[in-house]
Visitor: 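Structure below; questions to follow.
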Amino acid sequence: MRDAYHEELDSIGDGLVEMARLVGSAIGRATTAILDADLKLAEAVIAGDSKVDDLQRDLEARAIALLARQQPVATDLRIVVTSLRMSADLERSGDLAQHVAKLARLRFPDTAVPRDLHSTVLEMGQLAQRLMAKAGEVLITKDVDLALQLEQDDDAMDLLHRALFQHLMDDRWQHGIETAVDVTLLGRYYERFADHAVSVAKRVVYLVTGEHADELNQTAGAPGAGETS
């Protein structure tokens, strides 16, 4: 009975890894779709989000069943509850990738991104994909140090997001209000996607240590941290 219980816990973890893989792929393909005005690829990303939703619903149902049948405590309870929260982060990430693809579809056959911003948006898309890949690795390895690195990695996304706004606010902007709105939304989608990847990593830290990532960072940065007497 206990073996079956732990197999079920492991299967929930496997489901989270698969969700991370799917949404990471989705944001990469959505980025290609919006930069290349690729309608077929955009439609594939939009349709593919249903698989992420199905995985999230299945994971949630299994987690709730475990809570009801096994009434886990301590570490096991933390695993189940944290997994539910991570699945919500990953499902929302899939929605954000879908939003990028829907914007590509909306503006087809044109592109929503002016040529002079292609490199910035491409970099944001690639970074978002790398962050989610790292979050997936953290889910597998439970590596706390790697998980804590994600928040620092996310700083690069914040810089790109600000750079995008600097273009929008520049007096030389000549692409009109509609495109400005598109670019504003797009920047927000990528920034939020990255935030969800960081959130997943932070939840793994809590799962492993029982402490929140922010508390660990504060401890590490405190005067005398790591010193021995």
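All values derive from a computational prediction rather than experimental measurement. Numbers here are sequence positions counted from 1. Note that these values count all heavy atoms, side chains included, but never hydrogens, waters or copies made by symmetry.
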Visitor: Take L185 and V181 through the side-chain contact (heavy atoms from CB on, under 4.5 Å) test and state the conclusion after the steps.
Guide: CA-CA 6 Å; L185 289 172; V181 172; 4.1 Å; yes
Visitor: For a 4.5 angstrom cut-off between non-hydrogen side-chain atoms, does L77 reach L67?
Guide: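 A side-chain contact under 4.5 Å exists here.
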Visitor: State whether K51 and D54 are salt-bridged, where the test is any N-O pair (Lys NZ or Arg NE/NH1/NH2 against Asp/Glu carboxylate O) under 4.0 Å.
Guide: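 No.
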Visitor: Counting N and O atoms only, with roles assigned by atom type, does the side chain of S87 sit under 3.5 Å from a partner on the main chain of L84, one being a donor and the other an acceptor?
Guide: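 Yes, the answer is positive, given that a donor and an acceptor are paired below the 3.5 Å cut-off.
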Visitor: Does any part of the side chain of V205, heavy atoms only, come nearer than 4.5 Å to the side chain of E211, both counted from C-beta?
Guide: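 E211 vs V205: side chains apart.
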Visitor: How many angstroms lie between CG in L164 and CZ in R188, if you round to the nearest 0.5 Å?
Guide: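 L164 atom CG to R188 atom CZ measures 13.0 Å (nearest 0.5 Å).
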Visitor: List the steps, then state whether side-chain contact (heavy atoms from CB on, under 4.5 Å) holds for D116 with H175.
Guide: CA-CA 10 Å; D116 55 327; H175 305 294; 3.2 Å; yes
Visitor: Evaluate the side-chain proximity of T31 to Y190: yes if any heavy-atom separation is below 4.5 Å, no if none is.
Guide: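 In short, these two side chains touch, coming nearer than 4.5 Å.
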Visitor: Charged N to carboxylate O under 4.0 angstrom, K134 versus E137?
Guide: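 So K134 does not pair with E137 through a salt bridge.
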Visitor: Taking side chain as C-beta onward, heavy atoms only, is T184 less than 4.5 Å from F165?
Guide: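 They are in side-chain contact.
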Visitor: Atom CE in M132, atom CG in L90: separation rounded to 0.5 Å?
Guide: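 Those atoms lie 5.5 Å apart.
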Visitor: What closest approach, in Å, do S25 and Q129 show between heavy atoms, and which atom pair accounts for it?
Guide: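 Heavy atoms only, the tightest pair is CA-NE2, 4.1 Å.
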Visitor: Regarding D89 and R85, does a basic nitrogen lie under 4.0 Å from an acidic carboxylate oxygen?
Guide: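 The answer is no: the pair does not qualify as a salt bridge.
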Visitor: State whether the number of non-hydrogen atoms from other residues, nucleotides or ligands found under 6.0 Å of E43 atom CD is greater than 12.
Guide: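 Yes.
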Visitor: Could you please spell out the steps behind the salt bridge (charged side-chain N to carboxylate O under 4.0 Å, His left out) verdict for E60 and R57?
Guide: CA-CA 5 Å; E60 186 178 74; R57 283 191 290 268; over 6 Å; no
Visitor: I'd like to check the ring-ring contact (aromatic ring centres under 6.0 Å, His included) partners of Y189; sequence neighbours left out, ordered by chain and number.
Guide: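 Testing Y189 for ring-ring contact (aromatic ring centres under 6.0 Å, His included), a comparison that skips the adjacent residues, returns H99.
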Visitor: For the CD1 atom of I34 and the CG atom of L106, what is their distance to the nearest 0.5 Å?
Guide: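 CG of L106 is found 9.5 Å from CD1 of I34.
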